[in-house]
Amino acid sequence: MLDVRFVRQNLEAVREALRSRGAEVDLDRFTQLDGRRRELLVEVEQLKSVRNRTSEEIAELKRAGVDAREKVLAMRRLSEEIKKLDGEIAGVEAVLTDFMLGVPNLPHQSVPFGRDEKDNAVVRSWGDPPAFEFEPKSHWDLGTSFDILDFKRGVKLAESRFTLLKGLGAQLERALINFMLDLHTREHGYVEVFPPILVNPGCMTGTGQLPKFAEELYRCADDDLYLIPTAEVPVTNIHRDEILDEDILPLKYTAYTPCFRREAGAAGKETRGVIRQHQFNKVELVKFARPEESYDELEKLTHDAEEVLQRLGLHYRVIALCTGDLGFSASKTYDLEVWMPSYNTYKEVSSCSNFESFQARRANIRYRTENKKVRFIHTLNGSGLAIGRTLAAILENFQREDGSVVIPEVLRSHMGGAEIIGK
RNA sequence: GGUGGGAUGGCAGAGUGGUUGAAUGCACCGGUCUUGAAAACCGGCAAGGUCGUAAGGCCUUCAGGGGUUCGAAUCCUCUUCCCACCGCCA
């Protein structure tokens with residue numbers, strides 16, 4: 001959520017920033033609601049001030065044994081008036097809050113201006129795509145031929161976009177999870193957590209999934225709990241409604257969790273393989289940082305995620321999302337895209353973002369500065385990495401002419417020494 | 001699921017209708033003392049909103065909602081959460 005006061009005081013700049021990301025927000029409505037709210041507040045607070053003073057006067061009269069009936073009667077009318085105004089304010093505030101929850105974050109000044117993903121900027125790339133002297137196969141064909149990805153049975157157990165991993169496929173998935181967690185905890189200084197996979201609506205509102213993106217979420221209606229679409233949700237909310245001490249910042253967490261997405265708007269898109277699943281695994285990186293450091297921390301976080309791909313030996317590039325392609329809650333985002341031979345292009349395996357105070361304001365996460373001021377913290381997160389897509393990239397990039405796949409060296413110790421996946 | 005007990009500031013913990021935004025202790029910050037530290041002593045220490053150029057004023061907040069009252073942390077009511085015991089259970 002944006003700072004109401006900031007919006008009020010920088011209306012035209014906000015209008016411009018929102019336009020740059022292609023968001024249609026009626027800021028005149030904001031001005032109207034905000035103005036009405038403050039108008040009513042001034043009015044009711046004056047009345048309350050009178051009420052408080054008169055209350056004390058009544059108390060004094062009663063203590064002195066003097067009749068206070070007249071004042072009491074006047075107060076009765078005053079209280080009626082206050083109640084009416086309070087109700088009106090609550091109504092206006094509810095509308096205003098609802099409005100603000102639907103306004104996306106403002107892009108950081110360093111974000112390239114653009115309309116959609118075509119305007120994203122390639123920041124850097126690492127490695128080279130493999131040079132095959134044969135026709136490479138897709139990961140779904142490879143996975144099926146090795147009997148490590150069972151798409152048919154995944155559908156039988158649930159529905160489309162669910163996959164059953166078997167044998168070395170399941171082991172490779174697990175090896176990737178462990179490899180990534182080990183890297184981030186032992187070498188990058190993240191604290192490993194394993195959070196609840198079901199969370200309450202407060203968490204979803206805190207990180208920005210609700211109220212706007214409810215149709216993307218799986219919900220357990222009987223309990224009003226949601227399956228998380230990313231570990232970002234529970235991990236960021238760890239410190240909801242807390243005031244953190246400045247000297248523990250930046251706080252860095254990593255978590256492996258399954259993730260669940262309804263992919264409501266993606267019918268017919270990427271239906272083959274494991275690229276777009278309703279359930280997938282992910283290792284997530286989450287940071288809480290002081291505002292003046294958050295952009296440095298974003299660079300570091302992105303590098304931490306890149307390191308995974310480098311150690312696996314997968315060619316990738318780093319993309320800076322343009323204003324028009326930015327996610328709802330983000331101020332700035334880098335995507336890591338790995339080379340995927342079957343698509344003859346790059347596929348996103350990580351999205352690293354700085355949310356500045358957008359989530360912190362929603363989730364009420366603050367910190368105390370050295371001079372004891374309380375301020376909203378900056379939150380960041382990034383995938384480190386999406387497991388399923390990484391597995392797919394390994395199958396495709398490390399396949400050989402004889403139909404087998406070489407397991408990256410860093411994973412072998414996590415797989416009982418296995419070196420090859422083959423028939 | 002059943003019964004009972006709870007929810008107060010960063011933490012602990014008083015407070016059952018009228019200077020209680022909230023005692024006291026701890027923690028924290030500043031000072032005195034000390035070669036330094038500790039102890040002791042003195043002082044400070046909630047957040048949010050709103051008006052104001054500012055100084056500062058005012059309002060709100062004792063889990064959350066609703067109610068009683070001139071006035072609610074205190075009374076009533078519903079909800080949520082926590083704890084204990086019972087039942088069930090990986």
Side-chain angles (χ1 to χ4, degrees), chain A residues 1-9 30-101 194-206 210 219-226 234 237-249 251 258 288 357-358 360-377:
Chain A
M1 192 156 67
L2 300 178
D3 179 3
V4 169
R5 213 171 321 174
F6 179 85
V7 176
R8 184 190 306 146
Q9 288 165 359
F30 165 83
T31 304
Q32 184 221 327
L33 287 168
D34 177 58
R36 180 67 184 144
R37 170 176 169 272
R38 287 185 295 150
E39 200 174 280
L40 289 168
L41 271 177
V42 169
E43 199 179 334
V44 79
E45 283 181 5
Q46 274 167 2
L47 296 184
K48 284 181 178 177
S49 180
V50 171
R51 179 178 69 182
N52 289 342
R53 231 174 311 126
T54 312
S55 264
E56 275 177 42
E57 284 167 18
I58 290 173
E60 259 171 63
L61 289 177
K62 291 215 164 180
R63 264 197 296 271
V66 181
D67 177 62
R69 190 168 310 156
E70 206 174 307
K71 278 188 192 294
V72 168
L73 280 175
M75 283 282 278
R76 197 171 293 170
R77 283 196 300 277
L78 185 69
S79 279
E80 288 297 313
E81 184 68 13
I82 288 173
K83 188 177 283 188
K84 205 184 101 214
L85 283 171
D86 269 342
E88 210 173 324
I89 289 170
V92 172
E93 278 184 345
V95 174
L96 181 61
T97 301
D98 195 56
F99 177 90
M100 290 306 290
L101 286 175
F194 191 82
I197 309 304
L198 287 167
V199 299
N200 56 43
C203 289
M204 289 296 183
T205 307
L210 287 179
R219 173 162 178 255
C220 303
D222 287 347
D223 305 285
D224 202 17
L225 292 171
Y226 294 84
N237 277 284
I238 288 174
H239 296 295
R240 181 149 54 102
D241 292 321
E242 290 185 17
I243 299 174
L244 304 173
D245 284 331
E246 187 175 35
D247 54 19
I248 61 169
L249 302 178
L251 250 185
F288 300 85
S357 56
F358 188 83
R361 195 167 284 110
R362 287 172 164 248
N364 194 29
I365 309 169
R366 295 170 293 175
Y367 75 104
R368 205 179 295 278
T369 65
E370 216 170 350
N371 48 18
K372 304 296 167 196
K373 286 260 188 258
V374 176
R375 296 166 70 191
F376 284 112
I377 211 163

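Numbers restart at 1 for each chain; the letters A, B, ... are given by sequence-line order, proteins then strands.
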What protein N or O atoms touch nucleotides 61-70 of chain B N or O atoms at under 3.5 angstrom, if any, and at what distances?
residue, atom, partner, partner atom, Å
B:rU68, OP2, A:Lys83, NZ, 3.4
B:rC70, OP1, A:Arg76, NE, 3.4
B:rC70, OP1, A:Arg76, NH2, 2.6
B:rC70, O4', A:Val72, O, 3.4
B:rC70, O3', A:Ser79, OG, 3.3

Requested in this report: Not counting sequence neighbours, which residues clear side chain to side chain contact (heavy atoms under 4.5 Å, CB included) with A:Lys71? List them please.
Outcome: A:Thr54, A:Glu57, A:Ile58, A:Leu61

Could you pull out the protein-nucleic contacts involving nucleotides 87-90 of chain B (nitrogen or oxygen on both sides, under 3.5 Å)?
none

Query raised in the report: What residues, two or more places apart in sequence or in another chain, satisfy ring-ring contact (aromatic ring centres under 6.0 Å, His included) together with A:Tyr367?
Result: none

Query - Contacts of A:Asp86 that satisfy salt bridge (charged side-chain N to carboxylate O under 4.0 Å, His left out) - sequence neighbours left out - result: A:Lys48

Report summary line: Taken in chain and number order and not counting sequence neighbours, the residues that satisfy side chain to side chain contact (heavy atoms under 4.5 Å, CB included) with A:Val95 are A:Arg29, A:Leu33

Report summary line: Looking only at heavy atoms, the pair that brings A:Met100 and A:Val7 closest together is CE-CG2, 4.2 Å

Requested in this report: Can you sort out the partners of A:Arg51 under salt bridge (charged side-chain N to carboxylate O under 4.0 Å, His left out), two or more places apart, ordered by chain and number?
Outcome: none

**Report entry** P spacing across the pair B:rC11 / B:rG64, given as an integer number of angstrom
**Finding:** 15 Å

Query - C1'-based separation of B:rA22 from B:rU34 [nearest Å] - result: 37 Å

Query raised in the report: Which value, in whole Å, describes the distance between the P atoms of nucleotides B:rC26 and B:rA39?
Result: 11 Å

Report summary line: Hits for salt bridge (charged side-chain N to carboxylate O under 4.0 Å, His left out) against A:Glu88, two or more places apart or cross-chain, chain-then-number order -> A:Arg36

Query - Partner residues of A:Arg219 under the salt bridge (charged side-chain N to carboxylate O under 4.0 Å, His left out) criterion, sequence neighbours left out - result: A:Asp224

Report task. Let me have a per-nucleotide readout for nucleotides 44-56 of chain B, 5' to 3', with B, S or -, counting only protein heavy atoms under 4.0 Å. Result -> ---SSBSS-----

Under 3.5 Å donor-acceptor pairs involving side-chain atoms of residues 196-205 of chain A, not counting sequence neighbours:
residue, atom, partner, partner atom, Å
A:Asn200, OD1, A:Gly202, N, 3.3
A:Asn200, OD1, A:Cys203, N, 3.2
A:Asn200, OD1, A:Arg240, NH2, 3.4
A:Thr205, OG1, A:Pro201, O, 3.0

Query raised in the report: Does A:Glu60 have any side chain to side chain contact (heavy atoms under 4.5 Å, CB included) partners at least two apart in sequence or in another chain, and if so, which?
Result: A:Arg63

